[in-house]
Q: 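Quick one: this structure, given as structure tokens, is what I'll be asking you about.
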Amino acid sequence: MKDVILGLVGVGRIGVMHANNIASLNGVLNPQGTSVRLRLTDVAEDHARNIAAGLGAEFLPSVADLIASGVDGLVIATGTATHPELIRAGVDAGIPVFCEKPVAMNVADALPVLDYIGNNNGVVQIGHQRRFDAGYLEAKRAYQAGELGWIHSLRAVTCDMTPPPVEFLATSGGLFRDCSVHDFDILRWLTGREIVEVYAKGSNNGDPAIGDVGDVDTALAVITFDDGTVGTVSASRYNGAGHDVRLEIQGSNRTVMVGLDSKSALASAEAGITFPDGEPHQTFAERFDQAYRSEMAAFVELILGERENPCTPQDAVAASRVADAAQESLVTGAPVKVALPMAT
Ligand SMILES: NC(=O)c1ccc[n+]([C@@H]2O[C@H](COP(=O)([O-])OP(=O)(O)OC[C@H]3O[C@@H](n4cnc5c(N)ncnc54)[C@H](O)[C@@H]3O)[C@@H](O)[C@H]2O)c1
């Protein structure tokens with residue numbers, strides 16, 4: 001029986017979900033059964049103590065204590081601005097790190113982190129959970145097997161039902177960096193192609209406080225891939241119908257859509273059509289429950305040396321480059337070329 005102890009930093013919106021998922025991995029990870037134990041910390045001590053107690057996990061008062069306790073891997077689920085410092089702490093400790101997306105607030109801040117990881121032989125998995133979602137995996141398989149033919153159009157949609165707190169939005173880097181970055185990542189991963197240009201527009205018809213912190217509540221980016229294929233990536237914080245995440249890929253032979261199921265947050269306008277007839281998805285946590293669980297299981301397998309890194313910091317920064325370009329386009333009103341990584 002293998003024994004893996006994970007140290008989790010941050011038990012806010014997503015950290016609590018990771019805590020639950022880590023706790024549920026114990027003994028079910030592989031046929032041999034891997035014992036997975038959880039230790040956690042958060043600057044909100046009382047809250048973190050409660051979460052730990054509820055899961056039979058151990059609370060530690062600081063990140064330094066967590067690392068010193070001898071954890072086998074560090075899971076970072078704090079706000080984005082803290083990611084670089086915490087990634088460095090995990091790399092310094094010589095343990096694999098899982099860090100929520102993105103690596104840093106923007107690409108300029110992320111590049112020194114990539115260098116630090118590379119220079120110190122760090123192992124860092126970034127949390128783009130859609131890479132583990134069954135629908136995206138099937139779309140990638142179909143595309144790469146040539147079943148769709150050549151692709152003429154891609155349309156990616158990510159809509160939340162309600163906005164996160166304005167305090168979070170004020171430090172999130174904007175809708176493209178916080179939300180659409182998942183679509184930028186999955187489009188690169190699925191097609192194996194680079195997005196080379198972005199032209200973005202946004203609007204603010206919801207809470208004016210979102211505009212006051214410099215963000216938009218709804219946005220659309222026209223993207224161009226390196227082979228000239230075009231697509232759109234759209235996002236909104238105000239989708240009353242439900243949490244709506246879809247990707248439509250139209251090829252010369254076939255069209256597939258990820259996220260078209262009985263729980264899709266859609267209603268047909270056609271007479272007699274009742275599909276989709278389930279309760280619509282409500283939150284990202286529920287929509288991607290299976291993907292988040294698989295992602296954390298993959299991190300344990302990475303620690304055990306049983307798999308390749310499924311989402312490297314370089315992958316994540318490549319998606320962030322597109323998000324940065326989209327944000328620049330939103331501000332300038334002009335199409336922006338995506339800065340491609342320097343060849344190394
Ligand atoms: N992959 C996804 O689908 C997804 C979804 C939501 C959020 N995220 C990412 O997860 C990160 C966290 O987002 P959130 O919405 O959970 O934020 P949040 O503000 O709800 O939670 C952050 C938690 O970290 C704690 N914290 C902050 N700094 C700390 C420190 N130095 N040491 C210990 N604890 C600290 C806070 O007290 C808080 O409890 C962000 O980077 C965000 O981009 C990813």
Side-chain angles (χ1 to χ4, degrees), residues 9-19 42-48 50-51 76-86 99-110 126-130 156-185 198 200-221 233-245 265 280-288 292 316 319-320 322-333:
V9 193
V11 280
R13 260 190 337 158
I14 198 144
V16 169
M17 189 196 64
H18 286 317
D42 192 300
V43 287
E45 278 206 20
D46 290 345
H47 168 67
N50 285 336
I51 300 290
I76 301 168
T78 51
T80 300
T82 63
H83 292 178
E85 172 200 339
L86 292 171
C99 183
E100 260 310 329
K101 49 58 67 174
V103 172
M105 292 299 291
N106 51 48
V107 172
D109 289 353
I126 303 296
H128 278 296
Q129 84 284 353
R130 291 187 192 180
V157 175
T158 298
C159 296
D160 286 325
M161 287 189 77
T162 51
V166 171
E167 302 77 57
F168 174 86
L169 294 180
T171 60
S172 73
L175 188 56
F176 286 121
R177 292 193 183 104
D178 173 45
C179 182
S180 301
V181 72
H182 286 290
D183 289 305
F184 299 140
D185 174 67
V198 189
K201 290 284 199 186
S203 63
N204 253 324
N205 291 323
D207 184 350
I210 296 178
D212 292 344
V213 297
D215 205 356
V216 290
D217 63 49
T218 300
L220 174 75
V233 171
S234 69
S236 179
R237 303 287 193 189
Y238 283 102
N239 199 59
H243 184 73
D244 189 6
V245 177
H281 295 290
Q282 304 286 302
T283 64
F284 61 81
E286 172 256 315
R287 165 70 175 83
F288 288 110
Y292 288 118
S320 289
V322 186
D324 277 13
Q327 182 63 27
E328 186 184 334
S329 175
L330 190 65
V331 172
T332 62

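No experiment lies behind these values; they were computed from the predicted model shown. Residue numbers count from 1 along this sequence. Just the heavy atoms: all of them, side chains too, but no hydrogens, waters or symmetry mates, feed the values below.
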Q: What distance do Cys159 atom SG and Phe284 atom CZ have between them, rounded to the nearest 0.5 Å?
A: 14.5 Å
Q: Supply the atom-to-atom distance Arg177 CZ to Asp324 CG, rounded to the nearest 0.5 angstrom.
A: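 Separation between the atoms: 4.0 Å.
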Q: Quick check: do Ile76 and Glu100 have side-chain heavy atoms less than 4.5 Å from each other?
A: no
Q: So does Asn205 get a backbone contact from the side chain of Asp217, meaning a donor-acceptor N/O pair under 3.5 Å?
A: yes
Q: Compare all side-chain heavy atoms of Thr78 with those of Leu86 and state whether any distance is below 4.5 angstrom.
A: yes
Q: Tell me, do Glu328 and Phe176 make a side-chain contact under 4.5 Å, heavy atoms counted?
A: no
Q: Is any side-chain heavy atom of Ile126 closer than 4.5 Å to a side-chain heavy atom of Lys101?
A: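 Contact flag for Ile126/Lys101 side chains = yes.
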Q: Okay, side chain of Asp185, backbone of His128: is any donor-acceptor separation there less than 3.5 Å?
A: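 No, Asp185 side chain to His128 backbone: no donor-acceptor pair under 3.5 Å.
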Q: Can Thr158 and Arg130 be said to form a side-chain hydrogen bond (donor to acceptor under 3.5 Å, both in side chains), step by step?
A: CA-CA 12 Å; Thr158 298; Arg130 291 187 192 180; 3.0 Å; yes
Q: For Pro280 and Ala241, work out which heavy atoms get closest and say how close.
A: CB-O, 3.4 Å
Q: Check step by step if side-chain contact (heavy atoms from CB on, under 4.5 Å) holds for Val322 and Val198.
A: CA-CA 7 Å; Val322 186; Val198 189; 3.8 Å; yes
Q: Using side-chain hydrogen bond (donor to acceptor under 3.5 Å, both in side chains), reason through Asp42 and His47 one step at a time and then give a plain yes or no.
A: CA-CA 8 Å; Asp42 192 300; His47 168 67; 5.5 Å; no
Q: Cation-pi between Arg287 and Tyr292: NZ/CZ under 6.0 Å from ring centre and within 45° of the ring axis?
A: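 Negative - Arg287 is either too far from the ring of Tyr292 or too far off its axis.
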Q: Taking all non-hydrogen atoms of both residues, which atom of Ala235 and which atom of Leu175 are closest, and how far apart?
A: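 Closest heavy-atom pair between Ala235 and Leu175: O-CD2, 3.9 Å.
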Q: Below 4.5 Å, heavy atoms only, C-beta onward: do His18 and Ile14 meet side chain to side chain?
A: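 Side chain of His18 against side chain of Ile14, heavy atoms only: contact under 4.5 Å found.
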Q: Side chain of Ser236, backbone of Thr218: donor and acceptor closer than 3.5 Å?
A: no
Q: So which heavy atom on Val216 is nearest to which on Ser203, and how close?
A: CB-O, 3.6 Å
Q: Could you pull out the closest heavy-atom pair between Gly10 and Ala77, with the gap in Å?
A: O-CB, 3.6 Å
Q: Kindly say whether Ile210 contributes a backbone atom to a donor-acceptor pair with the side chain of Asp215 at under 3.5 angstrom?
A: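 Flag not set: sc Asp215 to bb Ile210 has no pair under 3.5 Å.
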Q: Can you tell me if His83 uses its side chain to pair, donor with acceptor, with the backbone of Pro102 under 3.5 Å?
A: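 The answer is yes, because a donor-acceptor pair under 3.5 Å joins these two groups.
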Q: A side-chain contact here means heavy atoms from C-beta on lying under 4.5 Å apart; do Asp160 and Tyr238 qualify?
A: no
Q: Is it true that a side-chain atom of Ser329 and a backbone atom of Ala326 form a donor plus acceptor pair closer than 3.5 Å?
A: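 No; zero donor-acceptor contacts below 3.5 Å.
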Q: Under the side-chain hydrogen bond (donor to acceptor under 3.5 Å, both in side chains) rule, what do Glu286 and His281 come out as? Steps first, then yes or no, please.
A: CA-CA 7 Å; Glu286 172 256 315; His281 295 290; 2.8 Å; yes
Q: Name the residue from Asp178, Thr162, Asn204 that meets the side chain to side chain donor-acceptor pair (under 3.5 Å) definition with Arg237.
A: Asp178
Q: How long is the gap from OG on Ser320 to CG on Asn106, to the nearest 0.5 Å?
A: 8.5 Å
